[in-house]
Amino acid sequence: MAKTVLDDVYQLLHGIGAVRSESDFSKDWLGRSDCYLRTLRFKRLPPSVGSIAICASKLHHYGQRMLATTEHKQLGERFVVLSNACHRQINTQSEQQWMAAI
């Protein structure tokens with residue numbers, strides 16, 4: 001599996017202690033089974049658009065709430081930036097799929 005925005009999200013969340021492992025990240029932030037990222041790596045597959053969308057939504061949700069605080073504003077900005085990066089990846093993967101069908 002090539003590096004994706006989800007790698008950056010995982011690193012941030014792990015670094016701040018929001019997730020303990022890739023298994024937690026897969027379940028809590030991607031809405032998938034605990035072995036989702038391991039399976040992608042093993043099969044060399046990209047993450048699904050759906051899992052990226054769930055992650056983008058959660059990042060945006062929590063980012064907006066943190067932006068409303070003084071204490072967590074900087075982290076909120078990082079969440080929003082990563083949410084936007086997720087949306088760019090969704091658009092890229094989606095375009096690749098429909099362009100291949102033309």
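On a predicted model such as this, the values are computed, not experimentally measured, just so you know. The first residue in the sequence is number 1, and the count goes up from there.
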Give a yes or no answer on whether the side chain of Asp28 reaches the backbone of Phe25 with a donor-acceptor pair at less than 3.5 Å. no
Side-chain touch Leu30/Pro47, heavy atoms, less than 4.5 angstrom: no
Residue pair Lys58 / Trp29: nearest heavy atoms and the distance that separates them: CB-CZ3, 3.6 Å
Exercise: do Gln89 and Gln93 side chains pair donor with acceptor under 3.5 Å: yes
Find out if a path of hydrophobic residues (ILVMFWY) with successive side-chain heavy-atom gaps under 4.5 Å connects Leu40 to Val49. yes
Got Ser26 and Leu37 here, is their nearest side-chain heavy-atom distance under 4.5 Å? yes
Under 4.0 Å between a Lys/Arg side-chain N and an Asp/Glu carboxylate O for Glu22 and Lys27? no
In a table with atom names and distances, give each donor-acceptor pair under 3.5 Å that connects a side chain of residues 75-88 to protein atoms at least two apart or in another chain.
{"residue": "Ser83", "atom": "OG", "partner": "Ala56", "partner atom": "O", "Å": "3.0"}
{"residue": "Asn84", "atom": "ND2", "partner": "Val80", "partner atom": "O", "Å": "3.4"}

Ser51-Ser48 side chain donor-acceptor pair, cut-off 3.5 Å: yes
Carefully, step by step, assess Cys55 and Val9 under the rule side chain to side chain contact (heavy atoms under 4.5 Å, CB included). CA-CA 9 Å; Cys55 187; Val9 175; 3.7 Å; yes
Hey, any chance Ile16 and Val19 share a hydrophobic cluster, counting ILVMFWY side chains that come within less than 4.5 Å of each other, even indirectly? yes
Is a donor on one side and an acceptor on the other found under 3.5 Å between the side chain of Ser57 and the backbone of Ala53? no
With a 4.5 Å cut-off on side-chain heavy-atom distances among I, L, V, M, F, W and Y, is there a chain of contacts connecting Leu13 to Met66? yes
Enter the distance from His14:NE2 to Asp24:CG here, rounded to the nearest 0.5 Å. 9.0 Å
ILVMFWY cluster, Leu12 and Tyr10 together (side-chain gap under 4.5 Å): yes
Tell me, with the steps shown, if Leu67 and His72 meet side chain to side chain contact (heavy atoms under 4.5 Å, CB included). CA-CA 7 Å; Leu67 286 173; His72 301 291; over 6 Å; no
To the nearest 0.5 Å, tell me how far Lys43 NZ sits from Thr39 OG1. 6.5 Å
Any chance the side chains of Arg38 and Ser23 put a donor and an acceptor closer than 3.5 Å? yes
